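Written below as structure tokens is the structure these notes are about.
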Amino acid sequence: MEYNFRAIEKKWQEHWVKTHAYRVSNNSPKPKCYVLDMFPYPSGTGLHVGHPLGYISSDIYARYKRLKGFNVLHPMGWDAFGLPAEQYALETGQHPAVTTAQNTAFFRKQLDNIGFSFDWEREINTSDPNYYKWTQSIFLKLFNSWFDRSLQKAVGIDKLIALFESNGNAGHECPGDRTISFTAAEWKQYSEAQQREILMHYRLAFLAYAEVNWCAALGTVLANDEVVNGVSERGGHPVVKKKMRQWFLRITEYANRLLEGLETVAYSEAMKEMQRNWIGKSQGAEITFKIDGNTDNVVTVYTTRPDTIFGVDFMVVAPEHELVAKITTPDKKEDIEKYLDYVQSRSERERMAEVKSITGAFTGAYAVNPFNGKLIPVWISEYVLAGYGTGAIMAVPCGDQRDFLFARHFNIPITNIIGDAFTGEEANPTKDAILQHSDFLNGVNMKAAMDIAADKIESMGIGKRQINYKMRDSGFSRQRYWGEPFPIVYKNGIPYALEDKDLPVTLPHVENYKPGEEGEGPLANITDWVNIDADTKRETNTMPGYAGSSWYFLRYADPHNTTTFADRSATDYWNQVDVYVGGTEHAVGHLLYSRMWTKALYDLGEIGFDEPYKKLINQGMIGGSSRLVYRIRGTNTFVSHGLKEQYETDALHVDVNIVDGVELDIEAFRNWKPDYNNAEFVLENGKYLCGTQLEKMSKRLFNTVNPNDVVEKYGADTFRMYEMFLGPVEQSKPWETKGIEGVHRFLKKLWRLYADEQKGLIVKDAPATPEELKVLHKTIQKIDADTEHFSYNTAVSQFMICVNELSTLKSNKRSILEPLLVLLTPYAPHLSEELWHLLGNTSSILDAPYPVFEEKYVKESAFNYPIAVNGKTRTELSFALDVENTAIEETVLANETVQKWMEGKPLKKMVIVKGRMINIVI
RNA sequence: GCGGGUGUGGUGAAAUUGGUAGACACGCCAGACUUAGGAUCUGGUGCCUCACGGUAUGCGGGUUCGAGUCCCUCCACCCGCACCA
């Protein structure tokens, strides 16, 4: 009876399907545990061995928790809307729904092959109308609500209308336009169009004309995080700013709660830091300066350093700022216009690329320092961004390096307010210096001065404290076909929400996927879908990729519900995701949006918690280890790696799947490509050895490995354990197929503890020896702790140690081997179930009781102490653990080796750490 | 530039959190069994040295009886952000 993994794995996978072994109920007396993977976008290329790393980790955890008595939700689904399917449709004419269905089927097959415990009855697909109906519904909830800053939460828009009717917008500053202000009487007189326009400035999902990242090549608008250095993250196409009417989510209103929520969740420090940086909270003040000789205009700046107010030597206004036209003096008009032309001519990309060059122009206007009346020249420059703060800054060259460089470049005199702390060579951004030349702040430490200055500014009525965020409201429109249609219609150009009963707004069939004339999405071309009647048109944009993924974890709790996105009792039961496993690439995008949606749904009373993911694990990436062959230049002869220095060669990538370790399969190589049919080889020791190189896993480099192939050769259990054995889950590491043999040998060795090739089952019911019990309980302790802490690589090691030791002991006792199988189940479920049944069990091992660690079996009565002299280990001596220190000292000092190393010198001190070591100090 | 992280054998890595550095594997070397081995088993394997022993966790310093682990300086690499006032 040998370990026939192919038959075993097939048998149990079928059995588990037949018995609904992974079906999870929403009603259980057990405590719940929700283990979630970031669901994949089902691309056309399928999975490579790097993808399942996270899924295996979460599967081990889910199975472990189940054995420990939890009711575990561990679902899987598809983030199925997205650009690649549409791009493919553009190229081939195949409908995205068709290719998506094909791809998900393929992914599903690959996943099933690895033996995951997903409850497929809860499978979701974001492109399914039964799913996106609820994405649209939640969008409407956002559209129909606003963020009440006094309550710091989302509230229904009807509440806001009631407030307007009684008080106007006093006390509820308009987040979309701070200048809007009206009384109750004025509100009542507004037309419906005007009222709805104002409401739009408050809604959490809103429509605005805004500069968006327009990517002509992709024919769509991209979110800020989809643009990297001025080009599209996907494809690297140029991106320009364009004004379009776009949907947005008012995520900025949640900035502070998103920041504070980070304190309550277990994400890695790096991940939290990335989100904090993205949110970019800063505390400072807005200060308004009068302009000399211009009573109609003022310049309002934002600064985080009000303490440096006496060091202001110039002002800089963003070139796009509306003030520029109003304050420029006639004699500077030409200079300014020339500069604005220059700015206009530069693409976003160029501006990003040349951050170091210093450019600007003087407006001719002077602002007046309200504290000392000093006249401050007002400049414009690219380095001030219109979109941040007030779009204008007060420049303090002695404290800010950019201001310093600007001042030096344009010969603007620098005022030093920090004495010796400023060298004149570069700015010093310290907050600890003592202020000078600063009037009422003289002699004050800068940190303290910040508050004093801010108080003074507020009391003089020339400004106020202000908190700013780098984060922008997120664009929620895509000019694309393959996404959720908006449940919005325009009547005479005014947007109206549909009602839940009108949902879903299904995607109509289209013949082509080309953009509309004005850059709208392909939906704009389907006129009978768009035009409901003469005055009523549908929204033709679709939602972005992160719409469906922002709330999917809620749907798994109640995936078939037809009356709501998920019943409150179901989301209350499953509650937050206990462990969320996925890659770091979603650090700022998906996670922030998902956190915001959760908070909004919580505010609106739809769910009972406001953070979606309690704990986040970021699996590392699996890199490719490429194999190289060396072709002698100008020939079809390949020279082995060790001999390549003797020739002039070119290194070529070779498919890693036809290389065993580093030894090339020459026949397979000849058959790989026609060019190599009659290749010649210069061998070393009769073998052709390849070079290796670590790089990204990519089809182009021929270093991708399909999990199916590995599973076919070694089995799913081996594959699962090997992926875990590679190293810590969070760490990135290269894939080496060769190394898998160690894990495979281990499983075969384990099998032989239970079954012999000839004799069959060899497990005996005899009582276990103390040695055997010690091995078992050491293993229980380590596996239990390691599994709980996602330390799967060390857990696999412990299994190996255990099996090695039991093999040495020739152990075959049921009381040892049966519990061991339960420990192994999360890692190697098929093999465990098979042996479990061979041992005579009739119920599934999936719900077996987890072995309980008992200290008494591992307790040692004595310890073999390393004996060090001055920190260097010289010998070992065994002492009972309950023996007195004085007795130890005596024996140790009498020891021959110790005597030798003490060289007759007097003992200064003896350090005895019980159960650890002994150090003799001389 | 700012923030986060990582540096340990030929390779992936471990180290009970300050206590015998290199567990467990891959690879390599030697051997056993075998018609054969890409099966299985045994032994060896950080470096220097015939050995005694010395030396070793990116570099240099410090704290300590004792440092891979704590502190300081520097170096290298990876990831994220990047004119955010």
Side-chain angles (χ1 to χ4, degrees), chain A residues 2 228-229 268-278 280-282 284 301-305 308 316 351-352 354-358 381-385 387-396 399-403 405-406 429 468-471 584-585 587-588 618 620-621 625 660-663 692 694 722 725-728 730-743 745-746 748-749 752 757 781-782 785 791 793-801 804 807 864-876 908-913 915-922:
Chain A
E2 60 174 1
V228 178
N229 292 330
S268 71
E269 203 39 52
M271 192 64 56
K272 288 187 186 182
E273 204 53 38
M274 272 188 243
Q275 293 200 15
R276 286 191 198 109
N277 286 341
W278 189 260
K281 181 176 182 170
S282 73
V301 301
Y302 175 68
T303 180
T304 54
R305 298 296 301 272
T308 61
V316 187
R351 277 180 76 164
M352 293 286 202
E354 305 171 29
V355 292
K356 293 286 173 278
S357 67
I358 300 163
S381 173
E382 282 188 295
Y383 85 90
V384 171
L385 307 175
Y388 184 77
T390 60
I393 63 157
M394 55 179 228
V396 182
D400 182 289
Q401 187 62 11
R402 289 156 311 175
D403 297 347
L405 293 172
F406 193 90
N468 269 330
Y469 299 94
K470 277 199 274 185
M471 184 165 66
T584 41
E585 65 272 25
V588 288
N618 294 114
M621 302 229 287
S625 178
D660 178 40
V662 292
E663 185 184 350
T692 64
L694 297 181
Y722 180 55
F725 186 60
L726 284 176
E730 297 90 340
Q731 204 164 302
S732 291
K733 53 241 160 185
W735 174 268
E736 280 290 353
T737 302
K738 191 74 182 168
I740 200 170
E741 286 171 13
V743 175
R745 273 200 275 272
F746 150 73
K748 283 195 284 192
K749 191 167 177 179
R752 287 196 303 272
E757 260 184 61
Q781 187 183 28
K782 181 100 173 113
S791 181
N793 55 327
T794 52
V796 175
S797 299
Q798 182 58 37
F799 278 123
M800 291 173 169
I801 292 168
N804 287 348
S807 298
N864 202 26
Y865 287 88
I867 314 292
V869 179
N870 276 350
K872 286 195 200 302
T873 305
R874 297 303 181 185
T875 185
E876 287 181 356
K908 269 201 198 133
K909 179 173 171 185
M910 189 178 306
V911 183
I912 300 173
V913 184
R916 287 266 187 269
M917 46 67 66
I918 294 167
N919 190 16
I920 297 155
V921 189
I922 53 170

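Below, chain A is the first sequence line, B the second, and so on; all start at residue 1. The shown structure was predicted, so the numbers you read here are calculated from the model rather than taken from an experiment.
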Using the side-chain heavy atoms of [X], tell me which of these nucleotides is nearest: [options].
X      : options             : answer
A:T794 : B:G4, B:A15, B:G19  : B:A15
A:R745 : B:G27, B:G12, B:C83 : B:G27
A:L385 : B:C41, B:A14, B:A85 : B:A85
A:F725 : B:U20, B:C24, B:A85 : B:C24
A:V913 : B:G19, B:U20, B:A85 : B:G19

Could you measure between the two [atom1] atoms, the one in [N] and the one in [M], and give it in whole Å?
N     : M     : atom1 : result
B:U35 : B:G27 : P     : 25 Å
B:G37 : B:C47 : C1'   : 34 Å
B:C70 : B:G58 : P     : 12 Å
B:A25 : B:A39 : P     : 16 Å
B:G22 : B:G10 : C1'   : 14 Å
B:C24 : B:U63 : P     : 37 Å

Side-chain N or O of [X] closer than 4.0 Å to phosphate OP1/OP2 of [N]:
X      : N     : answer
A:N804 : B:A25 : yes
A:K748 : B:U40 : yes
A:R874 : B:G54 : yes
A:Y302 : B:A85 : no
A:R276 : B:G3  : no
A:Q731 : B:A13 : yes
A:K733 : B:G12 : no

Sugar-phosphate, base or nothing in reach of [X], heavy atoms under 4.0 Å:
X      : value
A:E269 : nothing
A:K738 : sugar-phosphate
A:K872 : sugar-phosphate
A:M274 : sugar-phosphate
A:N793 : sugar-phosphate

For [N], give its Watson-Crick or G-U wobble partner with both distances under 3.5 Å, or none.
N     : answer
B:C50 : none
B:C41 : B:G31
B:C2  : B:G80
B:A36 : none
B:U16 : none
B:G66 : none

Which pair of non-hydrogen atoms, one from [X] and one from [Y], has the smallest distance, and what is that distance?
X      : Y      : value
A:T692 : A:S625 : CB-OG, 4.4 Å
A:K749 : A:N804 : NZ-OD1, 2.9 Å
A:M394 : A:D403 : O-OD2, 4.2 Å
A:Y302 : A:G389 : CB-CA, 4.1 Å
A:T873 : A:P866 : CG2-CB, 3.9 Å

Return the value, rounded to whole Å, for the distance between atom CE of A:M800 and atom P of B:A13.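 Distance, rounded to whole Å: 15 Å.
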
Answer syn or anti for B:U17, where the cut-off is 90° from 0 on the glycosidic torsion.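 In terms of base orientation relative to the sugar, B:U17 is syn.
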
State the syn/anti category of B:G54 according to its glycosidic angle, syn meaning within 90° of 0.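 That one's anti.
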
Taking the six-membered ring for Trp, are the ring centroids of A:Y722 and A:W735 within less than 6.0 Å of each other?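 Here the rings of A:W735 and A:Y722 have centres that are less than 6.0 Å from each other.
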
Could you walk me through whether A:E730 and A:N618 pass the side chain to side chain donor-acceptor pair (under 3.5 Å) check? CA-CA 5 Å; A:E730 297 90 340; A:N618 294 114; over 6 Å; no

Has the side chain of A:N919 got a donor or acceptor atom sitting under 3.5 Å from an opposite partner on the base of B:C65?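 Between B:C65 and A:N919, which were checked side chain against base, a qualifying N/O pair under 3.5 Å is present.
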
